[in-house]
Amino acid sequence: MKRQLLLIAITTLLSTAAVAQPKCYWVFLTDKNNTEFDPYTYFDSKAIERYEKCGASLYDISNYPLNRNYTDEISSLSEEVVGESRWLNAMGIMATDENIEIIRKLSFVKNVEEISSDYILASNETYNADIEEELEILADKGILTNQVIRLGGQHFIDKGIDGKGLRIAVFDGGFPYVDKHVAFQHLRDNNQIISTYNFPNHREDVYGWNSHGTMVLSCIAGIKDGKKLGLATGAEFLLARTEVNAEPFKEEVWWEQAVEWADKNGADLINSSLGYGKERHYTKDMDGTSYVAKAANMAARKGILVCCSAGNEGDVKWATIVTPSDADSVLCVGGIISSLKEYRHISFSSYGPSADGRIKPNVCAFGHAKVASPNGRFTEADGTSFSSPLTTGFCACAWQTRPNLTAMEMKTEVEKSGDLYPYYDYAFGYGVPQAAYFTGDYTQPQRTFNLIDNNESITIHFLNDEGPNEVFMNVEGENGILLGYYQLITEDYSDISYSKKELGNGKKINVSYNGFYDSCPISNNSTENVKLSRKDNAIYALRNDNTFPPKSDSNKHITFFFRYGYNLPNATWDGYSRNIAFGERNYVGGKRYQFAYAFAFDFYKYTSKSLTNAKTQINTSNFELELLNHFIIVPKGFYLDLGAYGSVTLSRKEKFIMSPPDGDDPAIPYKGDVIVTYKKFKDINWYQYGVIARASYDFGELLTLSVFGTYRLSKIIKNQSILLNTNVDPSPWSIGIELEFGL
């Protein structure tokens, strides 16, 4: 009874810790009554200039501070004030369940919403940390790397365009060694880093922590041995640290604060190589309505162009873009492979469209880049984290050529400069932006193919056999929404034909080849969905089974697990008796809490302590059902499970084992233990049940490592007197480790 009471107390304590710990909330206020605001003392002069250019009001109510009487009262009921947002008229706080209910009832509180998730740095693994070989360069110029050559950057260089006069804010997890790295020497020499702020630590120092920001900044303005890693080497910079791995619930508040800070300090552009996806939201939520998406849209209305990574979810179940790249006013940037000869989607780059059917990504750039590393050297890295800053640097240079454009006008012009425009799809957007469009060097492409309507089919007829062999094609339905999109690889430039039945219920077919675009109406009454066959042409890895809107992932998933543990010893039973289990676990529920159930087979071996060189061993095999409350403490990090299990015994056997006295009698050679009897053990309960607790760390989608403990509430042996004349049952406590493998 004492042990059961102790277990109940421990379980209650763990449940309380999981449920009652402070959580992060947005608290939205009703008004800004009795507040004062002077924009000419609040804003940097460059911000005032930007407001005037785009026609936004300096005295807009969104710029006014929060009411101090309101914030003071909310602060007194909070565990921590994470930050405040003027634009949202809201506070980000940490509060207990009890206090948040008090806050919710305050007369000046409009509503309260919990923030629950983790952020995603949109980069994959970093490669070759100490690369010393020369970066690839344009043979006749020698001052550009391939990642900026692909953007047509030489046209900017020839005209002396380097982003001068533009101010770029970069949001990331840290910028270690930027204050020392040779790649940024020109920024330091010319005082181009205007301001920095570390939002998690409430101070200006950003030159530490996550190296991701260092790599990202180098793709906007880095230089190695005189060769540009990014195009905007003449721009000014604002560096904001907004992310901390150990604080998964606060980063949305910091991101929102950083946008307002960038606005105040005169930013023209923002680069955000991070986003919020499957750990916080469902795919249906990627419609521009998250609070970071709303902040990004508001920044655009105030004259700031926001560039965001599409995300690295293209080759996992989530697949689609992450927020705030889903915002209508954001330039969402996807990734392609790092080649000047081939034009391919890079596998991990997230796909569009937004959940409400808008074109995403908007454009694309290299998803594999040469970057500065925080050890003072240079390396290579993968991720749309790098396609976005490459494009941000491009946008700064493009804006330098057309300084009178507003942020939204510039976004449109960058899309038009894409090398596939007006063709688009949900892998490439409008293609890779080209500098020639902004420098007056653009030439209209010559016709490279004809689209021929053959009544029952449509044929792509090539006019020559020169140039790239990639053909981009989509089938467009109502309201511009794509029913399918494809990249065809043709080797012999022979005609490619599709029957109108194959094209399904599409309204129009759009094709881009070697810079030339054309379209043709389908005029077909079919109601079938589009799914083209491969024919004799390779169709590369684009999603051609798109549905609209994107399917909402239910967060249900299945894993397999292997458990190895020990039953703890007691006065009769030896330590440590082993138990092994393997099975399947199913999770269902939300983003913070889930319910899990598992089916498993487990095997127990209980061995008694030696008694006059004899011992008894009981072996059982069981079918087990496990029910768990799955608390997500830190998404993509730590988890806590509390629950119960029950099992049915399938087989049970007893071994009675004799050992020689010491093995030192020469007349009795020692050959190990001797099994004297091996029989079915009848005096054991058919059913077992108990409780289980599990603490887990997630190493990614494929592997979770856990430590677990169980307490058995049932007895194992029905007739206690038959075993060694004792009344002692095996200990109810078990501990061990578990490996869980995702699908």
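Values reported hereafter were calculated over all heavy atoms of this structure, with side chains retained and with hydrogens, waters and symmetry mates removed. Keep in mind it's a predicted model, so treat the numbers as computed, not measured.
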Stepwise side chain to side chain contact (heavy atoms under 4.5 Å, CB included) test for L568 and I735: CA-CA 8 Å; L568 299 183; I735 60 172; 4.0 Å; yes
Check against salt bridge (Lys or Arg N to Asp or Glu O under 4.0 Å), R358 and D287: CA-CA 8 Å; R358 288 174 288 106; D287 59 356; over 6 Å; no
Residue pair E342, I337: steps toward the side chain to side chain contact (heavy atoms under 4.5 Å, CB included) verdict: CA-CA 8 Å; E342 296 180 316; I337 64 171; 4.0 Å; yes
Trace of the ring pair (Phe, Tyr, Trp, His ring centres under 6.0 Å) decision for Y697 with Y639: CA-CA 6 Å; Y697 182 78; Y639 307 89; 8.6 Å; no
Test log, rule side chain to side chain contact (heavy atoms under 4.5 Å, CB included), inputs F348 and D382: CA-CA 9 Å; F348 54 75; D382 274 353; 3.9 Å; yes
Worked check of side chain to side chain contact (heavy atoms under 4.5 Å, CB included) between Y587 and T559: CA-CA 8 Å; Y587 294 90; T559 63; 3.8 Å; yes
T379 and S373: CA distance, side-chain angles, deciding distance, side chain to side chain donor-acceptor pair (under 3.5 Å) verdict: CA-CA 6 Å; T379 185; S373 62; 5.7 Å; no
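Across all their heavy atoms, E313 and S350 have their closest contact at N-OG, 2.9 Å. Across all non-hydrogen atoms, the minimal contact from Y426 to I481 is OH-CA, 3.6 Å. The two residues G277 and V322 come nearest to each other via the heavy atoms CA-CG1, 3.8 Å. Here the shortest heavy-atom pairing between V244 and R241 reads CG2-NH2, 3.3 Å. When all heavy atoms are compared, the tightest approach of V330 to C308 is CG1-CB, 3.7 Å. Contact record, W209 with G173: CB-O, 3.4 Å, taken as the closest heavy-atom pair.
From W573, atom CH2 reaches atom CD1 of I716 across 8.0 Å, with rounding to the nearest 0.5 Å. For the atom pair CD of E113 and CH2 of W26, the computed distance is 10.5 Å after rounding to the nearest 0.5 Å. The CZ atom of F699 sits 9.5 Å away from the CG atom of L739 when rounded to the nearest 0.5 Å. Between D641 atom CG and N629 atom CG the span is 8.5 Å, to the nearest 0.5 Å. One distance of note links CG of L627 with CD1 of I692; it measures 10.5 Å at 0.5 Å rounding. Note that CE of M286 is 8.0 Å distant from OG1 of T320, once rounded to the nearest 0.5 Å.
Side-chain atoms of S388 never come within 3.5 Å of backbone atoms of S385 as a donor-acceptor pair (strictly under, hydrogens ignored). Within the 3.5 Å criterion, the main-chain N or O of Y485 finds no donor-acceptor partner in the side chain of D425. Under the 3.5 Å distance criterion, the side-chain polar atoms of S349 are matched with a main-chain donor or acceptor of G335. Judged by distance alone, with hydrogens and angles left aside, the side-chain atoms of K360 form no donor-acceptor pair with the main-chain N or O of I321 at under 3.5 Å. Checked by atom type and distance alone, the side chain of S325 never pairs as donor or acceptor with a backbone atom of C332 at under 3.5 Å. The backbone N or O of K715 sits less than 3.5 Å from a side-chain atom of N685, completing a donor-acceptor pair. Here the side chain of K250 pairs no donor or acceptor atom with the backbone of E243 at under 3.5 angstrom. Between the side chain of S387 and the backbone N or O of G334 there is at least one donor-acceptor pair closer than 3.5 Å. Although no hydrogens or angles enter the test, the distance criterion places no donor-acceptor pair under 3.5 Å between the side chain of D172 and the main chain of V216.
In this structure, the side chain to side chain contact (heavy atoms under 4.5 Å, CB included) partners of V648, at least two apart in sequence or on a different chain, are Y687. Partners of Y564 by side chain to side chain contact (heavy atoms under 4.5 Å, CB included), not counting sequence neighbours, listed by chain and number: F562, Y566, R578, I580. Taking the side-chain hydrogen bond (donor to acceptor under 3.5 Å, both in side chains) definition, one finds that Y606 meets it with nothing, sequence neighbours left out. Remark: F623 engages F601 in a ring-ring contact (aromatic ring centres under 6.0 Å, His included) (not counting sequence neighbours). Every residue two or more places apart in sequence or in another chain that forms a salt bridge (charged side-chain N to carboxylate O under 4.0 Å, His left out) with R563 is listed here: E624, E626, E738. Checked against ring-ring contact (aromatic ring centres under 6.0 Å, His included), Y25 has no partners two or more places apart in sequence or in another chain. Considering only residues two or more places apart in sequence or on other chains, I737 meets the side chain to side chain contact (heavy atoms under 4.5 Å, CB included) condition with V707. Y645 pairs by the side-chain hydrogen bond (donor to acceptor under 3.5 Å, both in side chains) definition with nothing, not counting sequence neighbours. Listed by chain and number, the residues in a side-chain hydrogen bond (donor to acceptor under 3.5 Å, both in side chains) with S706 are R694, S696 (sequence neighbours excluded). Taking S272 as the reference, W255 meet the side-chain hydrogen bond (donor to acceptor under 3.5 Å, both in side chains) condition, with sequence neighbours excluded. The side chain to side chain contact (heavy atoms under 4.5 Å, CB included) search around S651 returns S621, not counting sequence neighbours. Partners of F708 by ring-ring contact (aromatic ring centres under 6.0 Å, His included), not counting sequence neighbours: none found.
Aromatic pair F631/Y593: centroids less than 6.0 angstrom apart. Residues F582 and F560 place their aromatic rings such that the two centres sit no closer than 6.0 Å. Note: Y343 and F428 meet the aromatic proximity criterion, with ring centroids under 6.0 Å apart. Aromatic ring centres of F595 and H630 lie farther apart than the 6.0 Å criterion allows. Ring centroids of H345 and Y351 are separated by less than 6.0 Å, placing the two rings close together.
For D729 and R712, the salt-bridge test passes: some basic side-chain N is under 4.0 Å from an acidic carboxylate O.
A donor atom on one side chain and an acceptor atom on the other are not found under 3.5 Å apart for Q688 and S647. For the residue pair D326/S354, the side-chain donor-acceptor check at 3.5 Å is not satisfied. Between the side chains of S734 and N567, at least one donor-acceptor pair of N or O atoms lies under 3.5 Å.
Ring geometry for H212 against F386 counts as tilted: the plane angle lies between 30° and 60°, on a 0 to 90° scale.
The residue from T242, V82, V292 that alone fulfils the side chain to side chain contact (heavy atoms under 4.5 Å, CB included) condition with E252 is V292.
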